[in-house]
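Lettering of chains follows the sequences in order, A, B, ..., and the numbering in each one begins at 1. Side chains included, hydrogens not; waters and symmetry mates left out as well; all remaining heavy atoms used.
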There are 2 protein chains.
Amino acid sequence: MHNLEVGRSATISDVARRAGVSTATVSRVISGSTTVRATTRAGVLAAVEALGYRPSGVARSLKLRTTHTLGLVVTDIANPYFPQIVRAVEDAALERGHTVLLCDSADDPSREETYLDLLIDRRVDGIVIASSGLQARHGDWLATRTVPVVLVNCTARGAALPAILSDNRAGGRLAAEHVLDLGHRRIGHISAPPRNAAAGDRVAGIQDAVDSGRYPGVELTVVEGDGQAEGAEAATLALLERAPGVTAILCYNDLTAVGALRTLRGLGRRVPEDVSVVGYDDIPLAAWMEPPITSVAQQTSAMGRWAVERLLERMAGEDEPGSDRRQLGERSENVVLLPVELCVRGSTGPPPWA
Amino acid sequence: MHNLEVGRSATISDVARRAGVSTATVSRVISGSTTVRATTRAGVLAAVEALGYRPSGVARSLKLRTTHTLGLVVTDIANPYFPQIVRAVEDAALERGHTVLLCDSADDPSREETYLDLLIDRRVDGIVIASSGLQARHGDWLATRTVPVVLVNCTARGAALPAILSDNRAGGRLAAEHVLDLGHRRIGHISAPPRNAAAGDRVAGIQDAVDSGRYPGVELTVVEGDGQAEGAEAATLALLERAPGVTAILCYNDLTAVGALRTLRGLGRRVPEDVSVVGYDDIPLAAWMEPPITSVAQQTSAMGRWAVERLLERMAGEDEPGSDRRQLGERSENVVLLPVELCVRGSTGPPPWA
DNA sequence: CTGAAAGCGCTAACAA
DNA sequence: TTGTTAGCGCTTTCAG
């Protein structure tokens, strides 16, 4: 009797031997090919069952030149914004039989680079990058690779990579108009480091609202935070020092808003009676705070799903003949802009004098 | 001139051809073997550079029978407790040159099963399972596989899989003693569904404190929540109905505490003046709430790190001869219990009459 | 110091 | 309907 070595998992040859057929036949049974006699099939299946055989994805990948694996690079999994994207990407990937190699760059560009190399080495079928601050050189480098890449809520300067973005500029404008409509005129903004592309767009949107001419006499003060609750506390203090009269603070994200809320409370300023606060991202946390935070919601899961679909579609496309279109300038359909929505909650209200 | 096909990445043969050597030599250079003449090495390196060659991890995995990939199964990535584990596991894995296949079972047992199969197929080197409710059948099944598995904060009834657990019973006791010491006597507990093993242990710990004899006249009421903020609202209402006089609520986790806080506030009950609330997990969120939530902290990152180390150590061990010890009953060193710590914050205080 | 050759586990012509 | 064979891209004896 032919025993398996201990610790080794069964191979297709083991199954073939046991079933008394060739490996080709086993392969046919596994892949569900119809050109197999029923009795043969049954025999193979019995052997598969008996041996607990599961085909090696590694061998299959080598042969088929596809790993059914997607790489997902995120800036910081600990930031509640990202798990939503991860979930969406994974859902979409799993539906199509793909798994996800998660790469949490932990806000470290060099780690991000390491991961990108690793993903290439692992021959993933595609890469989704949801990084708040993709380095320009990464973009250039990525554009030279053969693996399809799509960007989620970030852009690579220069390199024309397909991307799905949320309309950050509109989001900034929406937030600003909301407090301006409420009557606020001295407003502050706590932004994020400039390597974060979204930050700039949101500031631009806020500026759009200020410059629209619809709100005379607006004073806008911008300070830089770090997108974290802790960092936002110092930023809030700095803002209040530079512009003691602000009655509304627009925050780069919800975590920043949390920090602002805490700081304001510590200073004895009531929200929203004394100061209104607006967040961004509408993570679950926003609704849980006291007061619940008014926030700009992005279509996070749509973004993740779109990214995966785009990737798989692109992979399929590359099989087609004469598919050298990668060399052509990518067209504008490659960038999708998703609308945002303002969720008004308890952290905003009219200014004290209104 | 020998051109590469478009869209295909360079292989070791491409490099060999270009450098005018055999693939064996290229392989030696890549692996840093010293037995290569300097000039030859230089030539190979030049070819590697020119072609942008990166060795295929897939082919290497097939040959070397190791993928340098770990599977990580989590119950719900959207639950803020898990990203911390993910981060820790990934950190430890990356340090040792491994990548992580993330599997978010999204609280769906059948999806978890699908993922486990997928991980086996992908021939991951090991699997870390951080699932709140591992099914018994999964455990049995896992025990039959050759791939090393370690459990984080969960156990598989029957199957003797190595596990790292946080001392949930001690945590429950700690939380209970805290409010009992403050003078509370009518206390409530919002637990989690029984498939969650930790939930039972925490209840037991609370019961330990109650039964210790140190606190006479304690009344404990337990209701079941779902570990989510939303579900906790109904559970809090149910608790208050069954035991209107409770002055302290111990929660299964911080998310549950958030829900309790909101509900109490809605009812006009002040925290901690009227009712004290204790959370569990000490996720960042706990400190951000108003009032900040007193919570039991687990050593999350230590758990993730330990899991990976255990896995890799086990993988190394399997190469050794006569390593049939898997058949022997696993010994108790296979289960590690990590201590917990109580973080006292503003959500707990003496009962109203004290 | 270097090359030839075998083989990891699988699939896909091509024959039979 | 089934088997034979040739690789996928790499590493690793074993010769030279």
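Between the CZ atom of B:R60 and the C1' atom of D:dG9 there is a distance of 11 Å, rounded to whole Å. Atom C1' of nucleotide D:dG9 and atom CZ of B:R17 are separated by 12 Å, given to the nearest angstrom. When rounded to the nearest whole Å, the span between NZ of B:K63 and P of C:dA5 equals 15 Å. Computed from coordinates, the A:R65 CZ to D:dC10 P distance equals 10 Å when rounded to whole Å. In this structure, A:D14 places its CG atom 8 Å from P of C:dG9, rounding to the nearest Å. As rounded to whole Å, 11 Å separates atom P of D:dC10 from atom CG of B:L51. Look at CD1 on A:I12: it is 18 Å from P on D:dC8, rounded to the nearest Å. Protein atom CZ of B:R28 is 10 Å distant from nucleotide atom P of D:dT12, rounded to whole Å.
Residue contacts for A:V26: at a heavy-atom cut-off of 4.0 Å it reaches no nucleic acid atom on any strand shown. Note on B:S61: nothing from the nucleic acid sits closer than 4.0 angstrom, heavy atoms only. Residue A:L64 is in sugar-phosphate contact alone, with no base atom involved, counting any heavy-atom pair closer than 4.0 Å across all strands shown.
For A:T23 and A:R41, each mapped to the nucleotide of DNA chain D holding its nearest heavy atom, the one lying further toward the 5' end belongs to A:R41. Each of B:T25 and B:V58 has a nearest nucleotide on DNA chain D; the 5'-most of these lies closest to B:V58.
Contact annotation: A:R123 side-chain N/O to D:dC8 OP1/OP2 distance is not under 4.0 Å. Contact between the side-chain N/O atoms of A:T11 and the OP1/OP2 oxygens of C:dG9 is not found at any separation under 4.0 Å. For A:S56 and C:dG9, the shortest distance from a side-chain N or O to OP1 or OP2 is not below 4.0 Å.
In this model, a donor atom of one side chain and an acceptor atom of the other lie less than 3.5 Å apart for B:T99 and A:R122. Remark: the B:D107 side chain and the B:T75 side chain contain no N/O donor-acceptor pair separated by less than 3.5 Å. Side-chain contact check for A:T35 and A:S33: at least one donor-acceptor pair (N or O, by modelled atom type) lies under 3.5 Å.
A donor-acceptor contact under 3.5 Å is not formed by the side chain of A:R8 with the base of C:dG9.
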